[in-house]
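The structure under discussion appears below in the form of structure tokens.
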Amino acid sequence: MTNELLKAVQLIKEKEWVDLTHAFDPESPHFSAFEAAKFETLFDHDDGFFAQRFTFPGQYGTHLDAPIHFVRNTRYLDELDLKEFFLPLIVIDKSREAAENHDYTLTVEDVVAFEAEYGEIEPGSFVALRTDWSKRWPDQEAFDNKDADGNNHAPGWSLEALQFLYEERKIKAVGHETFDTDAAIDFQKNGSLLAEYYVLDQDTYQVELLTNLDKVPATGSIIINIVPKAKKASGFPVRSFAILP
């Protein structure tokens with residue numbers, strides 16, 4: 001007899017799956033403080049097998065940040081629980097606003113307006129901010145979006161919106177399409193990544209450089225984040241994907 005778990009697997013496989021992850025290589029966009037990735041061939045098929053060496057920071061490509069990335073004495077990547085990687089997915093679409101204003105910052109009012117249309121965000125959710133910034137991939141210059149003075153312009157989360165989501169709605173994690181949690185203009189104003197620090201200070205993780213959020217509905221999907229179990233790691237490239245309702 002087929003048990004409940006096997007039935008669930010069959011049901012899930014019948015659904016639409018959306019890859020939320022950029023494939024990356026040494027030419028891909030990356031945070032300016034990091035060197036480009038290196039991919040080296042150690043052995044090829046003439047040696048009997050194909051093997052490579054990969055050199056890159058933990059925060060590279062679509063990646064998962066563990067709390068320790070910003071906050072002392074918090075959890076490393078390998079200390080996150082498996083069930084934390086499997087969450088209900090909420091997608092807040094601010095792509096039009098971000099296209100019109102590259103410095104757009106998600107507000108509490110935006111979250112309230114979203115809930116007025118789709119219902120209150122459930123506790124334990126993964127909330128993703130859709131800005132369509134991912135469509136600039138793999139153009140580093142377009143991702144950085146610097147002005148004549150060399151200042152970046154990219155959208156992000158306001159600290160107040162994150163505080164509302166974590167403290168009032170009790171969400172579990174967030175994700176976005178940009179390099180940072182904070183809008184670039186907020187980083188320039190504050191001199192630090194206050195929003196990113198706040199998220200990781202909630203003893204949870206975030207996923208950066210997501211893609212294909214335009215293919216996922218506002219509510220009803222789940223997100224799964226598969227990441228290597230590197231010991232004492234602050235983060236690592238992740239394979240994130242959504243399963244649609």
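Below, all heavy atoms of this structure are taken into account, side chains as well, without hydrogens, waters or symmetry copies. Note that the coordinates shown come from a computational prediction; the quantities given were computed from them, not determined experimentally.
- Atom CG in Asp149 sits 12.0 Å away from atom CG in Asn152 (nearest 0.5 Å).
- Formation of a donor-acceptor pair under 3.5 Å by the His69 side chain with backbone atoms of Pro67 is not found in this model.
- Shown here for Pro228 and Pro237, the closest heavy-atom pair between the two residues is CD-O, 3.6 Å.
- For Asp132 and Lys94, the salt-bridge test fails: no basic side-chain N is under 4.0 Å from an acidic carboxylate O.
- Sorted by first and then second residue, the pairs that involve residues 97-123 and meet ring-ring contact (aromatic ring centres under 6.0 Å, His included), not counting sequence neighbours, are His102-Trp133, Phe114-Tyr118.
- For the ring-ring contact (aromatic ring centres under 6.0 Å, His included) test, residues two or more places apart in sequence or in another chain that qualify with Phe85 are Tyr205.
- Grouping Ile, Leu, Val, Met, Phe, Trp and Tyr by side-chain contacts under 4.5 Å, direct or through others, puts Ile226 with Ile12, Trp17, Phe86, Ile222, Ile224, Phe241, Ile243.
- Other residues sharing the hydrophobic cluster of Leu42, ordered by chain and number and joined by side-chain separations under 4.5 Å: Phe43, Phe49.
- In the model, Asn190 has no side-chain atom that pairs as donor or acceptor with a side-chain atom of Ser192 under 3.5 Å.
- Between the Thr219 side chain and the Ile90 main chain, no donor and acceptor come within less than 3.5 Å of each other.
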Test salt bridge (Lys or Arg N to Asp or Glu O under 4.0 Å) on Glu115 and Arg169 and set out the steps. CA-CA 11 Å; Glu115 292 187 325; Arg169 295 297 179 258; 2.6 Å; yes

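- Counting heavy atoms from C-beta outward, Phe126 and Val174 have side chains that stay 4.5 Å or more apart.
- When atom types are taken as modelled, the side chain of Glu100 and the backbone of Glu97 share no donor-acceptor pair closer than 3.5 angstrom.
- Take Tyr197 and apply the ring-ring contact (aromatic ring centres under 6.0 Å, His included) test, not counting sequence neighbours, and it matches no residue.
- Within 6.0 Å of atom CD in Gln140, more than 12 heavy atoms from other residues, nucleotides or ligands are found, so the atom counts as buried in its surroundings.
- You'll find the side chain of Leu193 stays beyond 4.5 Å of the side chain of Asp186, heavy atoms only.
- One finds no salt bridge joining Glu177 and Arg136 here, because no Lys/Arg side-chain nitrogen approaches an Asp/Glu carboxylate oxygen to under 4.0 Å.
- Using a 4.5 Å cut-off on side-chain heavy atoms (C-beta onward), Ser134 and Leu210 make no contact.
- The CG atom of Asn145 sits 11.0 Å away from the CG atom of Asn151 when rounded to the nearest 0.5 Å.
- Counting non-hydrogen atoms of neighbouring residues, nucleotides and ligands closer than 6.0 angstrom, the CD atom of Glu167 exceeds 12 such neighbours.
- The structure places CD of Glu168 at 12.0 Å from CD1 of Ile121, a figure rounded to the nearest 0.5 Å.
- The shortest side-chain heavy-atom distance between Leu87 and Leu89 does not fall under the 4.5 Å cut-off.
- Distance alone, capped at 3.5 Å, is enough to place a donor-acceptor pair between the Asp182 side chain and the Glu196 backbone.
- Contact check for Leu200 versus Gln206: side-chain heavy atoms found under the 4.5 Å cut-off.
- The heavy-atom pair separating Asp139 from Ala142 by the smallest distance is OD1-N, 3.1 Å.
- Under the 4.5 Å side-chain criterion, counting only non-hydrogen atoms from C-beta, Tyr198 is not in contact with Thr181.
- A side-chain donor-acceptor contact under 3.5 Å links Thr21 and Asp19.
- Side chain of Asn212 to main chain of Lys215: no donor-acceptor pair is present (N/O by atom type, distance under 3.5 Å, no hydrogens or angles).
- No donor-acceptor pair under 3.5 Å is formed between the side chain of Ser125 and the backbone N or O of Val127.
- Between the CG atom of Leu20 and the CG atom of Leu209 there is a distance of 12.5 Å, given to the nearest 0.5 Å.
- Evaluation of the side-chain contact (heavy atoms from CB on, under 4.5 Å) rule for Glu109 yields Thr107 as partners, not counting sequence neighbours.
- Counting heavy atoms from C-beta on, the side chains of Ser234 and Leu77 never come closer than 4.5 Å.
- In summary, the side chains of Glu40 and Gln52 do not present any donor paired with an acceptor at a separation below 3.5 Å, with no hydrogens or angles considered.
- The shortest side-chain heavy-atom distance between Val9 and Lys13 falls under the 4.5 Å cut-off.
- Ion pairing between a basic and an acidic side chain is recognised when a charged N comes within 4.0 Å of a carboxylate O; Asp93 and Arg130 show such pairing.
- Between the side chain of Asp144 and the backbone N or O of Lys146, no donor-acceptor pair lies under 3.5 Å.
- Going from atom NZ of Lys38 over to atom CG of Asp25 covers 15.0 Å, rounded to the nearest 0.5 Å.
- Checked for salt-bridge contact, Asp203 and Arg75 meet the test: a charged N lies under 4.0 Å from a carboxylate O.
- Checking Phe24, Tyr60, Phe39 one by one against Phe54, the ring pair (Phe, Tyr, Trp, His ring centres under 6.0 Å) holds for a single residue, Phe39.
- Side-chain contact annotation: Asp65 with Gln59, donor-acceptor N/O pair under 3.5 Å present.
- Here the shortest heavy-atom pairing between Pro88 and Gly124 reads CD-O, 3.6 Å.
- Of the possible donor and acceptor atoms, one in the side chain of Ser158 sits under 3.5 Å from a partner among the backbone N and O of Leu106.
- With hydrogens and angles disregarded, a donor-acceptor distance shorter than 3.5 Å links the side chain of Glu79 to the backbone of Tyr76.
- No side-chain donor-acceptor contact under 3.5 Å links Thr41 and Asp44.
- Although no hydrogens or angles enter the test, the distance criterion places no donor-acceptor pair under 3.5 Å between the side chain of Thr55 and the main chain of Ala37.
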